[in-house]
2 protein chains.
Amino acid sequence: MSLSGIFPIERWNFTTQSMLNVLSDEDFKYLVSHQSDQEYHKGEVIFREGTVPAGIFIVKKGKVKKYKTDRGGKEQIIYVANEGELIGYHAVLSGERYPDSAAALETSLLSFIPAEDFMEVLNRSPNFTHRLLKALSHEFTVLTNSISVFAQRTATERLAIALIVLREKFKDVNAEKKDTDLNISRADLANMAGIAQENVIRLLKEFKDEGILSTEGRKIRILDIQSLVKKSNYR
Amino acid sequence: MSLSGIFPIERWNFTTQSMLNVLSDEDFKYLVSHQSDQEYHKGEVIFREGTVPAGIFIVKKGKVKKYKTDRGGKEQIIYVANEGELIGYHAVLSGERYPDSAAALETSLLSFIPAEDFMEVLNRSPNFTHRLLKALSHEFTVLTNSISVFAQRTATERLAIALIVLREKFKDVNAEKKDTDLNISRADLANMAGIAQENVIRLLKEFKDEGILSTEGRKIRILDIQSLVKKSNYR
DNA sequence: CGCAAAAACTGATATTTATCAGCTTTTAAT
DNA sequence: ATTAAAAGCTGATAAATATCAGTTTTTGCG
(Lines give C-alpha, C1' and ligand atoms only; values in the text may rest on other atoms or scores of the structure.)
Protein backbone atom coordinates (compact mmCIF):
# COMPACT_ATOMS: atom_id res chain seq x y z
CA MET A 1 0.00 0.00 0.00
CA SER A 2 1.36 3.38 -0.99
CA LEU A 3 1.86 6.27 1.39
CA SER A 4 0.47 8.82 -1.02
CA GLY A 5 -1.55 11.43 0.72
CA ILE A 6 -1.26 9.91 4.18
CA PHE A 7 2.40 10.44 5.01
CA PRO A 8 4.82 12.89 3.37
CA ILE A 9 7.59 10.38 2.76
CA GLU A 10 9.52 12.73 0.46
CA ARG A 11 10.38 14.82 3.48
CA TRP A 12 12.35 11.87 4.82
CA ASN A 13 14.35 10.89 1.78
CA PHE A 14 17.38 12.51 0.21
CA THR A 15 17.24 13.01 -3.55
CA THR A 16 20.59 11.89 -4.91
CA GLN A 17 19.20 8.79 -6.63
CA SER A 18 18.58 10.12 -10.10
CA MET A 19 21.30 12.70 -9.98
CA LEU A 20 23.76 10.97 -12.26
CA ASN A 21 21.13 10.84 -15.00
CA VAL A 22 21.60 14.53 -15.78
CA LEU A 23 25.17 13.89 -16.88
CA SER A 24 26.01 13.65 -20.56
CA ASP A 25 27.43 10.34 -21.73
CA GLU A 26 30.83 11.91 -21.92
CA ASP A 27 30.69 13.36 -18.41
CA PHE A 28 29.35 10.12 -17.00
CA LYS A 29 32.16 8.17 -18.62
CA TYR A 30 34.63 10.57 -17.15
CA LEU A 31 33.08 10.28 -13.71
CA VAL A 32 33.29 6.48 -13.63
CA SER A 33 36.62 6.22 -15.42
CA HIS A 34 38.52 5.49 -12.23
CA GLN A 35 35.72 4.01 -10.21
CA SER A 36 36.06 0.78 -8.31
CA ASP A 37 33.38 -1.53 -6.99
CA GLN A 38 33.62 -3.18 -3.65
CA GLU A 39 31.34 -5.49 -1.73
CA TYR A 40 30.72 -4.79 1.95
CA HIS A 41 29.30 -7.33 4.34
CA LYS A 42 26.72 -6.48 6.92
CA GLY A 43 28.27 -4.28 9.56
CA GLU A 44 31.38 -3.41 7.56
CA VAL A 45 32.40 0.25 7.75
CA ILE A 46 32.61 2.16 4.48
CA PHE A 47 34.04 5.38 5.88
CA ARG A 48 34.56 6.75 9.36
CA GLU A 49 33.61 10.06 10.95
CA GLY A 50 36.63 12.29 11.28
CA THR A 51 38.65 10.78 8.44
CA VAL A 52 39.81 12.71 5.38
CA PRO A 53 37.69 11.88 2.33
CA ALA A 54 39.28 10.31 -0.70
CA GLY A 55 36.07 10.23 -2.71
CA ILE A 56 32.38 9.54 -2.80
CA PHE A 57 30.39 6.33 -3.03
CA ILE A 58 27.41 5.17 -5.03
CA VAL A 59 25.26 2.48 -3.41
CA LYS A 60 24.90 -0.05 -6.23
CA LYS A 61 23.14 -2.70 -4.17
CA GLY A 62 22.14 -3.01 -0.58
CA LYS A 63 21.54 -0.51 2.18
CA VAL A 64 23.93 1.68 4.14
CA LYS A 65 23.41 3.44 7.43
CA LYS A 66 24.97 6.88 7.94
CA TYR A 67 25.56 7.43 11.63
CA LYS A 68 27.34 9.49 14.25
CA THR A 69 29.10 7.98 17.21
CA ASP A 70 29.54 9.72 20.53
CA ARG A 71 32.39 9.51 22.98
CA GLY A 72 30.96 6.47 24.64
CA GLY A 73 30.56 4.66 21.33
CA LYS A 74 26.83 5.18 21.19
CA GLU A 75 25.46 5.40 17.66
CA GLN A 76 22.85 7.68 16.22
CA ILE A 77 21.68 6.70 12.75
CA ILE A 78 21.14 9.84 10.71
CA TYR A 79 19.99 8.29 7.46
CA VAL A 80 19.62 4.99 5.62
CA ALA A 81 20.89 5.18 2.06
CA ASN A 82 19.29 2.87 -0.47
CA GLU A 83 20.31 1.52 -3.86
CA GLY A 84 21.26 4.30 -6.24
CA GLU A 85 22.00 6.89 -3.59
CA LEU A 86 25.28 8.77 -3.25
CA ILE A 87 27.12 9.06 0.04
CA GLY A 88 30.29 10.73 1.22
CA TYR A 89 29.92 13.85 -0.91
CA HIS A 90 29.46 16.34 1.94
CA ALA A 91 33.06 16.03 3.08
CA VAL A 92 34.42 16.27 -0.47
CA LEU A 93 32.37 19.38 -1.24
CA SER A 94 33.00 21.17 2.04
CA GLY A 95 36.67 20.30 2.22
CA GLU A 96 36.17 18.95 5.70
CA ARG A 97 36.49 15.50 7.21
CA TYR A 98 33.61 13.04 7.01
CA PRO A 99 31.07 14.37 9.53
CA ASP A 100 29.51 10.94 9.91
CA SER A 101 30.34 7.27 9.40
CA ALA A 102 28.77 4.82 6.97
CA ALA A 103 28.36 1.08 7.36
CA ALA A 104 26.51 -1.65 5.49
CA LEU A 105 23.13 -2.63 6.94
CA GLU A 106 23.16 -5.71 4.75
CA THR A 107 25.48 -7.14 2.12
CA SER A 108 26.02 -4.20 -0.22
CA LEU A 109 27.91 -3.26 -3.34
CA LEU A 110 29.39 0.24 -3.49
CA SER A 111 31.22 2.10 -6.20
CA PHE A 112 33.99 4.39 -5.10
CA ILE A 113 34.63 7.52 -7.16
CA PRO A 114 37.78 9.56 -6.53
CA ALA A 115 37.18 13.08 -5.28
CA GLU A 116 39.11 14.66 -8.15
CA ASP A 117 36.87 13.02 -10.74
CA PHE A 118 33.76 14.10 -8.89
CA MET A 119 34.98 17.70 -8.60
CA GLU A 120 36.04 17.76 -12.25
CA VAL A 121 32.59 16.67 -13.40
CA LEU A 122 31.17 19.40 -11.21
CA ASN A 123 33.29 21.89 -13.09
CA ARG A 124 32.25 20.49 -16.46
CA SER A 125 28.55 20.17 -15.94
CA PRO A 126 26.52 23.16 -14.74
CA ASN A 127 23.47 20.93 -14.95
CA PHE A 128 24.93 18.49 -12.50
CA THR A 129 26.03 21.29 -10.23
CA HIS A 130 22.56 22.73 -10.09
CA ARG A 131 21.08 19.35 -9.50
CA LEU A 132 23.44 18.92 -6.57
CA LEU A 133 22.51 22.30 -5.14
CA LYS A 134 18.93 21.17 -5.32
CA ALA A 135 19.62 17.89 -3.60
CA LEU A 136 21.68 19.51 -0.84
CA SER A 137 18.97 22.06 -0.22
CA HIS A 138 16.38 19.32 0.00
CA GLU A 139 18.55 17.69 2.64
CA PHE A 140 17.89 20.69 4.84
CA THR A 141 14.24 19.69 4.79
CA VAL A 142 15.00 16.10 5.73
CA LEU A 143 17.44 16.94 8.50
CA THR A 144 15.39 19.71 10.05
CA ASN A 145 12.47 17.29 10.10
CA SER A 146 14.60 14.89 12.05
CA ILE A 147 15.67 17.58 14.49
CA SER A 148 12.13 18.62 15.09
CA VAL A 149 10.99 15.03 15.68
CA PHE A 150 13.89 14.09 17.94
CA ALA A 151 13.47 17.23 20.01
CA GLN A 152 9.76 17.04 20.51
CA ARG A 153 8.17 13.73 19.74
CA THR A 154 7.54 10.75 22.01
CA ALA A 155 9.33 7.46 21.67
CA THR A 156 6.19 5.89 20.22
CA GLU A 157 5.87 8.51 17.53
CA ARG A 158 9.54 8.31 16.69
CA LEU A 159 9.49 4.56 16.37
CA ALA A 160 6.39 4.69 14.18
CA ILE A 161 8.07 7.23 11.91
CA ALA A 162 11.24 5.17 11.73
CA LEU A 163 9.25 2.07 10.77
CA ILE A 164 7.36 3.93 8.06
CA VAL A 165 10.57 5.35 6.61
CA LEU A 166 12.23 1.93 6.72
CA ARG A 167 9.29 0.24 5.04
CA GLU A 168 9.91 2.42 2.02
CA LYS A 169 13.63 1.63 2.14
CA PHE A 170 13.06 -2.11 2.27
CA LYS A 171 10.56 -2.26 -0.55
CA ASP A 172 11.97 -4.29 -3.38
CA VAL A 173 11.01 -2.34 -6.47
CA ASN A 174 11.58 -5.32 -8.72
CA ALA A 175 9.38 -7.72 -6.87
CA GLU A 176 5.70 -8.39 -7.04
CA LYS A 177 5.65 -9.05 -3.37
CA LYS A 178 3.05 -6.99 -1.63
CA ASP A 179 4.42 -7.31 1.86
CA THR A 180 7.76 -5.97 2.90
CA ASP A 181 9.89 -7.48 5.61
CA LEU A 182 12.14 -5.14 7.50
CA ASN A 183 15.26 -7.02 8.40
CA ILE A 184 16.92 -4.72 10.89
CA SER A 185 18.30 -5.35 14.35
CA ARG A 186 16.60 -3.91 17.37
CA ALA A 187 19.85 -2.13 18.16
CA ASP A 188 19.85 -0.36 14.78
CA LEU A 189 16.16 0.44 15.11
CA ALA A 190 16.82 1.94 18.54
CA ASN A 191 19.75 3.92 17.17
CA MET A 192 17.59 5.21 14.40
CA ALA A 193 14.68 6.28 16.56
CA GLY A 194 16.89 7.48 19.43
CA ILE A 195 15.24 5.16 21.96
CA ALA A 196 16.59 2.58 24.37
CA GLN A 197 16.55 -0.88 22.83
CA GLU A 198 14.34 -2.36 25.50
CA ASN A 199 11.81 0.35 24.83
CA VAL A 200 11.85 -0.46 21.13
CA ILE A 201 11.04 -4.06 21.98
CA ARG A 202 8.21 -3.04 24.28
CA LEU A 203 6.72 -0.69 21.75
CA LEU A 204 7.01 -3.30 19.00
CA LYS A 205 5.07 -5.68 21.25
CA GLU A 206 2.37 -3.05 21.72
CA PHE A 207 2.20 -2.49 17.98
CA LYS A 208 1.95 -6.26 17.53
CA ASP A 209 -0.85 -6.53 20.07
CA GLU A 210 -2.69 -3.79 18.18
CA GLY A 211 -2.36 -5.66 14.91
CA ILE A 212 -0.20 -3.02 13.34
CA LEU A 213 2.71 -5.34 12.62
CA SER A 214 3.97 -8.87 13.06
CA THR A 215 7.43 -10.26 13.63
CA GLU A 216 9.19 -13.43 12.64
CA GLY A 217 12.57 -13.70 14.25
CA ARG A 218 14.18 -10.35 13.71
CA LYS A 219 12.01 -9.52 10.71
CA ILE A 220 9.19 -7.02 11.01
CA ARG A 221 6.21 -6.91 8.70
CA ILE A 222 3.90 -3.91 8.66
CA LEU A 223 0.31 -5.17 8.52
CA ASP A 224 -1.63 -1.93 8.88
CA ILE A 225 0.23 1.05 7.53
CA GLN A 226 -2.68 3.39 8.15
CA SER A 227 -2.68 2.68 11.86
CA LEU A 228 1.07 3.05 11.93
CA VAL A 229 0.79 6.45 10.26
CA LYS A 230 -1.77 7.40 12.87
CA LYS A 231 0.59 6.26 15.60
CA SER A 232 3.29 8.47 14.12
CA ASN A 233 1.05 11.53 14.54
CA TYR A 234 3.01 13.12 11.70
CA ARG A 235 1.25 15.22 9.12
CA MET B 1 37.33 34.22 26.47
CA SER B 2 37.59 32.35 23.20
CA LEU B 3 36.38 28.81 22.63
CA SER B 4 39.48 27.80 20.70
CA GLY B 5 40.50 24.29 21.48
CA ILE B 6 37.85 23.64 24.10
CA PHE B 7 34.67 23.55 22.08
CA PRO B 8 34.32 23.02 18.31
CA ILE B 9 32.03 25.97 17.68
CA GLU B 10 32.48 25.75 13.90
CA ARG B 11 30.43 22.58 13.95
CA TRP B 12 27.47 24.64 15.15
CA ASN B 13 27.58 27.54 12.74
CA PHE B 14 26.56 27.74 9.10
CA THR B 15 29.06 29.38 6.75
CA THR B 16 27.08 31.75 4.57
CA GLN B 17 28.49 34.90 6.13
CA SER B 18 31.38 35.64 3.81
CA MET B 19 29.76 34.07 0.79
CA LEU B 20 28.88 37.24 -1.05
CA ASN B 21 32.53 38.32 -0.92
CA VAL B 22 33.41 35.88 -3.71
CA LEU B 23 31.22 37.76 -6.15
CA SER B 24 32.74 40.18 -8.63
CA ASP B 25 31.63 43.79 -8.32
CA GLU B 26 29.48 43.33 -11.37
CA ASP B 27 27.77 40.21 -10.07
CA PHE B 28 27.25 41.73 -6.67
CA LYS B 29 25.68 44.80 -8.22
CA TYR B 30 23.39 42.56 -10.20
CA LEU B 31 22.44 40.59 -7.13
CA VAL B 32 21.42 43.62 -5.14
CA SER B 33 19.89 45.54 -8.01
CA HIS B 34 16.35 44.74 -6.93
CA GLN B 35 16.96 44.23 -3.26
CA SER B 36 14.86 45.88 -0.60
CA ASP B 37 15.63 46.43 3.06
CA GLN B 38 13.07 45.94 5.76
CA GLU B 39 13.16 46.27 9.50
CA TYR B 40 11.57 43.53 11.58
CA HIS B 41 10.66 43.98 15.19
CA LYS B 42 11.26 41.32 17.77
CA GLY B 43 8.94 38.41 17.12
CA GLU B 44 7.95 39.47 13.62
CA VAL B 45 7.85 36.63 11.09
CA ILE B 46 10.09 36.94 8.03
CA PHE B 47 8.82 33.87 6.20
CA ARG B 48 6.61 30.95 7.13
CA GLU B 49 7.09 27.22 6.78
CA GLY B 50 5.05 25.89 3.90
CA THR B 51 4.90 29.09 1.87
CA VAL B 52 6.27 29.49 -1.63
CA PRO B 53 9.57 31.37 -1.63
CA ALA B 54 9.85 34.65 -3.47
CA GLY B 55 13.49 35.14 -2.64
CA ILE B 56 16.23 34.97 -0.09
CA PHE B 57 17.19 37.26 2.79
CA ILE B 58 20.45 38.67 4.11
CA VAL B 59 20.53 39.50 7.81
CA LYS B 60 21.99 43.01 7.81
CA LYS B 61 21.54 43.65 11.50
CA GLY B 62 20.06 41.70 14.34
CA LYS B 63 19.38 38.02 14.90
CA VAL B 64 16.84 35.70 13.36
CA LYS B 65 15.61 32.33 14.58
CA LYS B 66 14.84 29.61 12.04
CA TYR B 67 12.27 27.26 13.47
CA LYS B 68 9.76 24.53 12.76
CA THR B 69 6.29 24.51 14.22
CA ASP B 70 4.30 21.35 14.87
CA ARG B 71 0.58 20.78 14.68
CA GLY B 72 0.03 22.02 18.17
CA GLY B 73 1.97 25.22 17.53
CA LYS B 74 5.01 24.06 19.42
CA GLU B 75 8.26 25.54 18.12
CA GLN B 76 11.61 23.94 17.60
CA ILE B 77 14.40 26.41 16.87
CA ILE B 78 16.72 24.89 14.30
CA TYR B 79 19.25 27.68 14.00
CA VAL B 80 19.95 31.28 14.98
CA ALA B 81 21.18 33.38 12.09
CA ASN B 82 23.43 36.30 12.89
CA GLU B 83 24.41 39.47 11.08
CA GLY B 84 25.73 38.75 7.60
CA GLU B 85 24.10 35.34 7.25
CA LEU B 86 21.79 34.34 4.40
CA ILE B 87 18.44 32.68 5.01
CA GLY B 88 15.67 31.34 2.84
CA TYR B 89 17.90 29.94 0.12
CA HIS B 90 17.06 26.26 0.63
CA ALA B 91 13.55 26.65 -0.72
CA VAL B 92 14.69 28.71 -3.69
CA LEU B 93 17.39 26.20 -4.62
CA SER B 94 15.31 23.07 -4.11
CA GLY B 95 12.20 24.48 -5.73
CA GLU B 96 10.19 23.52 -2.70
CA ARG B 97 8.32 25.53 -0.13
CA TYR B 98 10.11 26.99 2.87
CA PRO B 99 10.80 24.00 5.12
CA ASP B 100 11.02 26.23 8.17
CA SER B 101 9.93 29.63 9.39
CA ALA B 102 12.07 32.62 10.31
CA ALA B 103 11.35 35.33 12.84
CA ALA B 104 13.32 38.16 14.41
CA LEU B 105 14.82 37.43 17.81
CA GLU B 106 15.48 41.13 18.26
CA THR B 107 14.97 44.22 16.13
CA SER B 108 16.61 43.27 12.84
CA LEU B 109 17.25 44.64 9.39
CA LEU B 110 16.96 42.23 6.48
CA SER B 111 17.59 42.60 2.79
CA PHE B 112 15.28 40.73 0.49
CA ILE B 113 16.72 39.50 -2.80
CA PRO B 114 14.35 38.17 -5.47
CA ALA B 115 14.81 34.50 -6.35
CA GLU B 116 15.41 35.23 -10.04
CA ASP B 117 18.34 37.52 -9.26
CA PHE B 118 19.83 34.97 -6.91
CA MET B 119 19.51 32.18 -9.47
CA GLU B 120 20.90 34.35 -12.23
CA VAL B 121 23.99 35.16 -10.20
CA LEU B 122 24.36 31.43 -9.57
CA ASN B 123 24.41 30.92 -13.32
CA ARG B 124 26.93 33.69 -13.84
CA SER B 125 29.41 32.92 -11.14
CA PRO B 126 30.86 29.41 -10.84
CA ASN B 127 32.85 30.66 -7.90
CA PHE B 128 29.72 31.59 -6.05
CA THR B 129 28.11 28.29 -6.95
CA HIS B 130 30.99 26.32 -5.57
CA ARG B 131 31.05 28.41 -2.47
CA LEU B 132 27.37 27.65 -2.00
CA LEU B 133 27.94 23.92 -2.48
CA LYS B 134 30.55 24.15 0.20
CA ALA B 135 28.28 26.00 2.59
CA LEU B 136 25.39 23.60 2.03
CA SER B 137 27.63 20.62 2.61
CA HIS B 138 28.89 22.16 5.81
CA GLU B 139 25.28 22.48 6.91
CA PHE B 140 25.09 18.71 6.91
CA THR B 141 27.69 18.75 9.65
CA VAL B 142 25.78 21.28 11.71
CA LEU B 143 22.42 19.61 11.33
CA THR B 144 23.64 16.08 11.96
CA ASN B 145 25.32 17.37 15.08
CA SER B 146 22.00 18.68 16.24
CA ILE B 147 20.26 15.40 15.49
CA SER B 148 22.82 13.46 17.43
CA VAL B 149 22.60 15.78 20.42
CA PHE B 150 18.81 15.91 20.48
CA ALA B 151 18.53 12.16 20.19
CA GLN B 152 21.02 11.24 22.83
CA ARG B 153 22.01 13.99 25.17
CA THR B 154 20.48 15.00 28.51
CA ALA B 155 18.61 18.23 29.03
CA THR B 156 21.57 19.62 31.00
CA GLU B 157 24.00 18.92 28.20
CA ARG B 158 21.66 20.34 25.60
CA LEU B 159 21.09 23.53 27.52
CA ALA B 160 24.82 23.96 28.08
CA ILE B 161 25.46 23.52 24.36
CA ALA B 162 22.70 25.97 23.47
CA LEU B 163 24.15 28.58 25.84
CA ILE B 164 27.64 28.16 24.41
CA VAL B 165 26.36 28.51 20.85
CA LEU B 166 24.30 31.57 21.80
CA ARG B 167 27.20 33.21 23.55
CA GLU B 168 29.02 33.29 20.25
CA LYS B 169 25.95 34.65 18.48
CA PHE B 170 25.50 37.45 20.99
CA LYS B 171 29.11 38.60 20.97
CA ASP B 172 29.32 42.09 19.64
CA VAL B 173 32.34 42.03 17.37
CA ASN B 174 32.64 45.77 17.37
CA ALA B 175 32.69 46.21 21.09
CA GLU B 176 35.46 46.07 23.59
CA LYS B 177 33.12 44.59 26.10
CA LYS B 178 34.51 41.43 27.52
CA ASP B 179 31.26 40.03 28.84
CA THR B 180 28.35 39.10 26.70
CA ASP B 181 24.76 39.28 27.79
CA LEU B 182 22.38 36.81 26.21
CA ASN B 183 19.04 38.50 25.87
CA ILE B 184 16.73 35.64 25.02
CA SER B 185 13.45 34.52 26.50
CA ARG B 186 13.22 31.35 28.47
CA ALA B 187 10.66 30.15 25.96
CA ASP B 188 13.08 30.59 23.05
CA LEU B 189 15.88 28.98 25.04
CA ALA B 190 13.61 26.04 25.78
CA ASN B 191 12.60 25.81 22.11
CA MET B 192 16.23 25.84 21.13
CA ALA B 193 17.37 23.15 23.54
CA GLY B 194 14.19 21.09 23.17
CA ILE B 195 13.41 21.22 26.89
CA ALA B 196 10.37 22.28 28.88
CA GLN B 197 10.60 25.90 29.94
CA GLU B 198 10.35 25.16 33.64
CA ASN B 199 13.26 22.79 33.28
CA VAL B 200 15.32 25.49 31.57
CA ILE B 201 14.66 27.75 34.54
CA ARG B 202 15.64 25.06 37.01
CA LEU B 203 18.83 24.23 35.17
CA LEU B 204 19.73 27.90 34.87
CA LYS B 205 19.35 28.17 38.61
CA GLU B 206 21.67 25.21 39.08
CA PHE B 207 24.20 26.79 36.74
CA LYS B 208 23.86 30.00 38.72
CA ASP B 209 24.39 28.21 42.01
CA GLU B 210 27.53 26.66 40.53
CA GLY B 211 28.89 30.05 39.51
CA ILE B 212 28.73 29.23 35.82
CA LEU B 213 26.44 32.13 34.94
CA SER B 214 24.47 35.01 36.38
CA THR B 215 21.17 36.56 35.39
CA GLU B 216 19.75 40.05 35.50
CA GLY B 217 16.11 40.13 34.53
CA ARG B 218 15.94 38.03 31.40
CA LYS B 219 19.59 38.55 30.54
CA ILE B 220 22.10 35.77 31.05
CA ARG B 221 25.81 36.33 31.46
CA ILE B 222 28.24 33.43 31.19
CA LEU B 223 30.81 33.75 33.97
CA ASP B 224 32.76 30.54 33.57
CA ILE B 225 32.79 29.26 30.02
CA GLN B 226 35.15 26.42 30.84
CA SER B 227 32.73 24.94 33.35
CA LEU B 228 29.90 25.40 30.92
CA VAL B 229 31.85 23.52 28.27
CA LYS B 230 32.45 20.77 30.80
CA LYS B 231 28.72 20.68 31.54
CA SER B 232 28.03 20.29 27.83
CA ASN B 233 30.14 17.13 27.74
CA TYR B 234 30.71 17.86 24.07
CA ARG B 235 34.09 17.29 22.50
C1' DC C 1 22.90 -30.61 12.28
C1' DG C 2 24.82 -28.73 16.62
C1' DC C 3 26.32 -25.15 19.24
C1' DA C 4 28.16 -20.80 20.98
C1' DA C 5 27.49 -16.20 20.70
C1' DA C 6 24.69 -12.58 19.74
C1' DA C 7 20.42 -10.71 19.83
C1' DA C 8 15.79 -10.39 21.42
C1' DC C 9 13.06 -10.28 25.19
C1' DT C 10 11.13 -9.65 30.16
C1' DG C 11 10.37 -7.71 34.69
C1' DA C 12 11.44 -4.47 38.04
C1' DT C 13 13.00 -0.23 39.43
C1' DA C 14 15.40 4.20 38.96
C1' DT C 15 15.95 8.42 36.72
C1' DT C 16 14.81 12.13 33.99
C1' DT C 17 11.77 15.24 32.32
C1' DA C 18 7.20 17.15 31.59
C1' DT C 19 3.02 19.03 33.29
C1' DC C 20 0.08 21.60 36.23
C1' DA C 21 -1.17 25.26 39.20
C1' DG C 22 -0.09 29.11 41.18
C1' DC C 23 2.91 33.24 42.64
C1' DT C 24 6.41 36.92 41.61
C1' DT C 25 9.04 39.87 38.63
C1' DT C 26 10.00 42.23 34.44
C1' DT C 27 8.77 44.51 30.42
C1' DA C 28 6.81 47.71 27.47
C1' DA C 29 3.27 50.90 26.41
C1' DT C 30 0.88 54.93 27.71
C1' DA D 1 5.51 57.23 36.69
C1' DT D 2 2.01 53.63 36.41
C1' DT D 3 0.03 49.51 35.11
C1' DA D 4 -1.45 45.42 32.71
C1' DA D 5 0.27 41.75 30.41
C1' DA D 6 3.83 38.78 29.59
C1' DA D 7 7.41 36.33 31.26
C1' DG D 8 9.99 34.16 34.82
C1' DC D 9 9.82 31.35 38.61
C1' DT D 10 8.48 27.66 42.25
C1' DG D 11 6.66 23.44 44.22
C1' DA D 12 4.52 19.20 43.70
C1' DT D 13 3.38 15.38 41.15
C1' DA D 14 2.74 12.61 36.98
C1' DA D 15 4.46 10.53 33.01
C1' DA D 16 7.84 8.90 30.05
C1' DT D 17 11.91 6.64 29.40
C1' DA D 18 16.29 4.55 30.72
C1' DT D 19 18.84 1.18 33.19
C1' DC D 20 19.83 -3.16 35.21
C1' DA D 21 19.79 -8.03 35.60
C1' DG D 22 18.49 -11.99 33.99
C1' DT D 23 16.10 -15.50 30.60
C1' DT D 24 14.92 -17.09 26.01
C1' DT D 25 15.37 -17.22 21.10
C1' DT D 26 17.69 -16.58 16.84
C1' DT D 27 21.52 -16.50 13.97
C1' DG D 28 25.41 -17.96 11.56
C1' DC D 29 29.39 -20.76 11.27
C1' DG D 30 31.75 -25.07 11.07
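All chains are named by letter (A, B, ...) in the order of the sequence lines, taking the proteins before the strands, and each is independently numbered beginning at 1. Because the structure is a prediction, the values reported are computed rather than measured.
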Quick one: A:Lys208 NZ to C:dA8 P, roughly how many Å, whole number?
12 Å

Nucleotide-resolved protein contact map, nucleotides 18-27 of chain C, B/S/- at heavy-atom distance under 4.0 Å
SBBB-----S

From the list B:Glu157, B:Glu210, B:Glu206, side-chain hydrogen bond (donor to acceptor under 3.5 Å, both in side chains) partner of B:Lys231 resolves to B:Glu210

B:Phe150 atom CZ is separated from C:dT17 atom C1', nearest whole Å, by 15 Å

Side chain of B:Lys205 (C-beta onward), nearest among D:dT10, D:dT17, C:dT10:
D:dT10

Without decimals, in angstroms, what is the distance between B:Glu157 CD and C:dT15 P?
17 Å

Please list each protein N or O that sits under 3.5 Å from an N or O in nucleotides 2-6 of chain C, with the distance.
none

Just jot down the salt bridge (charged side-chain N to carboxylate O under 4.0 Å, His left out) partners of B:Glu39, sequence neighbours excluded, or say none.
none

B:Lys171 and B:Glu168 ion-paired at < 4.0 Å:
yes

Does B:Lys68 come within less than 4.0 Å of B:Glu49, counting only side-chain N to carboxylate O?
yes

Classify the ring geometry between A:Phe7 and A:Trp12 as parallel (under 30°), tilted (30 to 60°) or perpendicular (over 60°).
parallel

Here the gap from B:Ile78 atom CD1 to A:Ser146 atom OG, rounded to the nearest 0.5 Å, amounts to 9.5 Å

Separation of C:dA8 atom C1' from A:Leu204 atom CG, nearest Å, is 10 Å

Over 60° means perpendicular and under 30° means parallel, so classify the ring planes of A:His90 and B:Phe140, tilted if in between.
parallel

Between A:Glu106 and A:Lys42, does any NZ, NE, NH1 or NH2 come within less than 4.0 Å of an OD or OE carboxylate oxygen?
no

Spacing of A:Asn191 atom CG relative to C:dA8 atom P, expressed in whole Å
11 Å

Starting at atom CZ of A:Arg186, determine the distance to atom P of D:dT26, rounded to an integer number of angstrom.
11 Å

Interatomic distance, B:Glu206 CD vs D:dG8 P [rounded to whole Å]
19 Å

With rounding to the nearest 0.5 angstrom, report the CG to CD1 distance, A:Leu110 to A:Ile87.
5.5 Å

Using whole Å, what does the distance between atom P of nucleotide D:dG28 and atom NE2 of A:His41 come to?
12 Å

